[in-house]
Q: 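Structure below; questions to follow.
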2 protein chains.
Amino acid sequence: MGITTQHSQVQQLLESHFGQFEPELISKLAEHCVIRDFEADQQLMRPGQYFKSTMLIVEGGVKIYREDQDGNEFFMYQLGAGDACALSMICATRKEQSQISAKAIEPSKALLVPIALMDELMTGYKTWYYFVLETYRSRFEELLEVVDSIAFKSMDERIEFYLKNQRKLSHSDELALTHQQIATDMNSSREVISRLLKKMEQRGMVRLGRNTITVLF
Amino acid sequence: MGITTQHSQVQQLLESHFGQFEPELISKLAEHCVIRDFEADQQLMRPGQYFKSTMLIVEGGVKIYREDQDGNEFFMYQLGAGDACALSMICATRKEQSQISAKAIEPSKALLVPIALMDELMTGYKTWYYFVLETYRSRFEELLEVVDSIAFKSMDERIEFYLKNQRKLSHSDELALTHQQIATDMNSSREVISRLLKKMEQRGMVRLGRNTITVLF
DNA sequence: CCTGCTATGTAACATTTGTCACAAACCCGC
DNA sequence: GCGGGTTTGTGACAAATGTTACATAGCAGG
């Protein structure tokens, strides 16, 4: 939760996770950013909130999901070190409200870039403008894949898609997940997930344990 | 299909549909754009295609949808005069492939902006850079609504959402649609749509006719 | 090692959506 | 006003997903 303004630390974080930025951009950012820490499970954004700054993730992982009016969740994608929240970049520039929710899945650190700086960064630093566009483009594509998975695929294919994503994010075939968590992320029910996971185990696609799913495909 | 390079005509189209652009930007674009006409039902983009230019719609309407490997479609959103294809703007700058399909729903006209120009436009013209960001942001939000509708809603609510969209796009409560078209757009089957529309008619939400659905809500 | 909490398994059933088969209604051109 | 195509209506059934209710299993702390 603490807010620090140690320039040298910010500078170092920027250099290690945003090496593509030109040196003057890094100094500029280091001058104006603050670091913010989040605990696991802490909410970074909630719908309806106004952005005062753009977030650059430098440590940990952040889950981006959509919520409906009844509090149901739907997981969309996840950010890690080196990523930025696309919506916060553009909403920020236009003082719009957030349409999504974000939650830290582990203790995480983000750099907060004041929105007042955005215009100057966009027009003055080519690497920043590329970064913003690339961020938007790749989130957009991730979202398109999500649309695919719910528009065209059946539940068991969606679980497969979900597990593949989780594996990529955790860099491991051993996923520490409960069936309930998966169900919540997919806006389904636990029994359905258990049932289908069991079938996948019989087909040799996964190995199931308490709190763990080992991906075998 | 014809390609013309009549500067004055381009200039005029730009002025009437993209009035927010600064005059020098309009001249710049008029100098380098070409007009392209599309017939109704003609495909503007297909997945896997490389972009050579960004499209600004100046007349007609374009439907943006996703296709799966079996040729199933899923309608996402629609562009009209004054809109631009978000993906073509950014894919264009990075020479990436299109991930979507686009089809003219009526005879349409677009201005083609060569991708070689993008960098100069982005850095040199503030109104262009705002336009690109705003385009991306609003498509992103439309896509989020689409995700909502399939992640959280049942078929009848989705039909309602679909009809509301169509009404907004056609500026009329009388929609010229067959049940089959709706089914295709929603990746469902005609019988399901007919069944649910009938129920909606009984509840007084729509009036059904051959090739027409009158929205009453 | 017992207790209690959490996670998982599973059967039975409800609901929603999709599929098949075919009938009826509508519309256009002759 | 008569075919022939297209569009819509509908019943019966299949398949997928969601719900309810409860049993069992694993783990952690006392």
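Quick note on labels: first sequence line is chain A, next is B, and so on, each numbered from 1.
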Q: Would you call B:Asp68-A:Lys153 a salt bridge at under 4.0 Å N-O?
A: no
Q: Do A:Ser101 and A:Glu67 have side-chain N/O donor and acceptor atoms under 3.5 Å apart?
A: yes
Q: Starting from P on D:dA16, measure out to CD1 on B:Ile150 and report it in whole angstrom.
A: 20 Å
Q: Does B:Phe21 have any ring-ring contact (aromatic ring centres under 6.0 Å, His included) partners at least two apart in sequence or in another chain, and if so, which?
A: B:Phe18, B:Trp128, B:Phe131
Q: Go through the steps to decide whether A:Arg158 and A:Phe152 satisfy the test side-chain contact (heavy atoms from CB on, under 4.5 Å), and finish with yes or no.
A: CA-CA 9 Å; A:Arg158 286 179 52 200; A:Phe152 298 125; over 6 Å; no
Q: To the nearest angstrom, how far is A:Ile193 atom CD1 from D:dT19 atom P?
A: 12 Å
Q: Tell me the salt bridge (Lys or Arg N to Asp or Glu O under 4.0 Å) pairs involving residues 166-191 of chain B, sequence neighbours left out?
A: B:Lys63-B:Asp185
Q: I'd like to know whether CZ of A:Arg207 has more than 12 heavy-atom contacts from other residues, nucleotides or ligands below 6.0 angstrom.
A: no
Q: Return the value, rounded to whole Å, for the distance between atom NZ of A:Lys199 and atom C1' of D:dA15.
A: 10 Å
Q: Hey, which of these two, A:Asn211 or B:Asn211, hits DNA chain C nearer its 5' end, going by closest nucleotide?
A: A:Asn211
Q: For the helix from C:dC1-D:dG30 to C:dC30-D:dG1, what angle lies between the axis at the first five pairs and the axis at the last five pairs, to 10 degrees?
A: 30°
Q: For A:Lys198 and D:dT24, give me the distance from atom NZ to atom C1', rounded to whole Å.
A: 12 Å
Q: Would you say the side-chain atoms of A:Ser8 and A:Gln11 include a donor-acceptor pair closer than 3.5 Å?
A: no
Q: Round to a whole Å and report the spacing from CE of B:Met200 to C1' of D:dG9.
A: 17 Å
Q: Reading nucleotides 25-30 of chain D 5' to 3', which nucleotides get B (base under 4.0 Å from a protein heavy atom), which S (sugar-phosphate only), which -?
A: BBS---
Q: Whole Å only: how far is the CD atom of A:Gln180 from the C1' atom of C:dC5?
A: 15 Å
Q: Return yes when atom NZ of B:Lys199 has more than 12 non-hydrogen atoms of other residues, nucleotides or ligands closer than 6.0 Å, and no otherwise.
A: no
Q: Please enumerate all protein N or O atoms sitting under 3.5 Å from an N or O of nucleotides 15-19 of chain C, with distances to 0.1 Å.
A:
from, atom 1, to, atom 2, distance (Å)
C:dT17, OP1, B:Met155, N, 2.7
C:dG18, OP2, B:Ser188, OG, 2.7
C:dG18, N7, B:Arg195, NH2, 2.9
C:dG18, O6, B:Arg195, NH1, 3.3

Q: Rounding to an integer number of Å, can you tell me how far A:Arg190 CZ sits from D:dT20 P?
A: 13 Å
Q: Examine D:dG9: is either OP1 or OP2 under 4.0 Å from a nitrogen or oxygen in the side chain of B:His179? Give yes or no.
A: yes
Q: Quick one: side chain to side chain donor-acceptor pair (under 3.5 Å) partners of B:Gln180, sequence neighbours excluded?
A: B:Thr184
Q: Is A:Asp148 paired with B:Arg66 through a side-chain N to carboxylate O contact shorter than 4.0 Å?
A: yes
Q: Return yes if a side-chain donor-acceptor contact under 3.5 Å exists between A:Glu157 and A:Ser154, otherwise no.
A: yes
Q: In whole angstroms, how far is the C1' atom of C:dT8 from the CD atom of A:Gln181?
A: 14 Å
